[in-house]
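Because only heavy atoms are used, hydrogens play no part in the values below, and waters and symmetry mates are left out as well, while side chains stay in. We name chains A, B, ... by the order of the sequence lines, and we start the count at 1 in each one. Only a predicted model underlies this, so the values are computations on that prediction, with no experimental measurement involved.
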Amino acid sequence: MKTRYSHRWDLSPRDAIALQTRLASRVRLKNAVRYRDIRTIAGADVAYSKETDYCFAVVVVLKFPELSVIEEATHVCEGPYPYVPGLLTFREAPPLIQAFARIRTIPDVMVFDGQGIAHPRRMGLATHLGILFDCPSIGCAKSRLWGHYAEPGKLAGSWVALRDNRNRTIGCVLRTKRGCRPVFLSPGHNVTLPLARKIILRTVTHYRIPEVTRLAHLLANKLRRDYQR
DNA sequence: GCGACAG
DNA sequence: ATCTTGTCGC
């Protein structure tokens with residue numbers, strides 16, 4: 001699978017921010033897919049090596065809602081963009097795009113370990129890649145980057161809205177498992193928050209993290225191990 | 001100046 | 001995110 005649009009990634013933080021602001025106008029927050037038509041879902045993640053400066057990207061495609069693995073693809077590269085809050089996309093998208101290039105199944109939805117529109121410029125990793133691939137996408141982060149919220153209920157499945165400074169809903173804080181910290185869900189591109197929540201809840205099995213990104217995360221760590229170390 | 005800050 | 005084994009608790 002290849003991106004429909006592309007641009008440079010070696011931008012200075014200042015230019016990267018300007019690009020995010022420009023791209024933000026392209027986000028579409030309506031459903032481009034119906035829940036009952038979802039047959040495949042992709043999860044992506046990147047692992048890093050502290051000493052070698054290498055990064056290991058993984059994309060896994062699962063059958064939905066069965067969650068059986070259909071395809072896996074990886075990409076290893078060196079010298080990723082540094083981590084800068086708000087610019088995670090510039091660090092993870094380049095290797096992920098290469099991994100996606102090795103996937104032959106075009107997924108109905110993509111899920112990323114990071115934010116969607118719950119971002120200072122509404123351009124988190126999931127939104128940015130959703131736009132470049134022109135594919136419905138969801139951001140499922142383990143912690144907050146942007147927005148305010150009240151603690152969600154204690155029971156699995158309970159959630160509260162995540163809102164920005166102007167009190168607009170930009171996502172939700174979802175308790176996927178009782179006794180566990182919640183996850184931060186936000187629409188990436190071409191999906192509404194209700195649909196994103198429905199999809200993610202159907203993708204959570206025995207862990208706090210939905211299977212798609214959890215599997216990608218495990219595979220990325222395995223790739224780093226098997227590589228050399 | 002101080003606190004916040006996806007992975 | 002990364003460096004890391006055992007271990008406290010349900």
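Look at CG on A/Asp164: it is 18 Å from P on B/dA6, rounded to the nearest Å. Note: CG (A/Asp45) to C1' (B/dA6) measures 11 Å, nearest angstrom. If you take CZ of A/Arg225 and P of C/dT2, they are 12 Å apart, rounded to a whole angstrom. If you take CZ of A/Phe112 and P of C/dA1, they are 17 Å apart, rounded to a whole angstrom. Rounding to whole angstrom units, NE2 of residue A/His119 and C1' of B/dG7 are separated by 12 Å. C/dC3 atom P lies 13 Å from atom CG of A/Asp53, rounded to whole Å. Note: CG (A/Leu145) to C1' (B/dG3) measures 15 Å, nearest angstrom. The distance between atom CG of A/Leu96 and atom P of B/dA6, rounded to the nearest whole Å, is 17 Å.
Between A/Tyr83 and A/Phe90, the ring center distance fails the sub-6.0 Å criterion. Taking the six-membered ring wherever Trp is involved, the centroid distance between the rings of A/Tyr48 and A/Phe56 does not fall below 6.0 Å.
Judged by ring centres under 5.5 Å apart and planes tilted less than 30 degrees, A/Tyr83 stacks against the six-membered base ring of B/dG7.
One finds no side-chain N or O of A/Lys50 lying less than 4.0 angstrom from the OP1 or OP2 phosphate oxygen of C/dA1. Contact check, A/His217 against B/dG7: no side-chain N or O comes under 4.0 Å of OP1 or OP2. Between B/dC5 and A/Arg144, a contact under 4.0 Å exists linking OP1 or OP2 to a side-chain N or O. Distances shorter than 4.0 Å separate some side-chain N or O of A/Asn221 from OP1 or OP2 on C/dT2. Proximity of A/Thr89 to the phosphate of B/dA6: no side-chain N or O atom is located under 4.0 Å from OP1 or OP2.
A/Leu125 pairs in a side-chain contact (heavy atoms from CB on, under 4.5 Å) with only one of the listed residues (A/Leu87, A/Thr89, A/Val46), which is A/Thr89.
For the pair A/Arg197 and A/Trp159, the cation-pi criterion (under 6.0 Å, within 45° of the ring axis) is fulfilled.
Across all strands, A/Ala118 comes closer than 4.0 Å to no nucleic acid atom at all (heavy-atom distances). Nucleic acid contact class of A/Gly179 (heavy atoms, under 4.0 Å, all strands): none.
Counting only heavy atoms from C-beta on, A/Arg224 has its side chain closest to C/dC3 among B/dA6, C/dC3, B/dG7.
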task = Before giving the answer on side chain to side chain contact (heavy atoms under 4.5 Å, CB included), spell out for A/Lys142 and A/Arg208 the whole-Å C-alpha distance, their side-chain angles and the decisive distance to 0.1 Å.
result = CA-CA 9 Å; A/Lys142 297 182 292 299; A/Arg208 175 172 83 113; 3.6 Å; yes
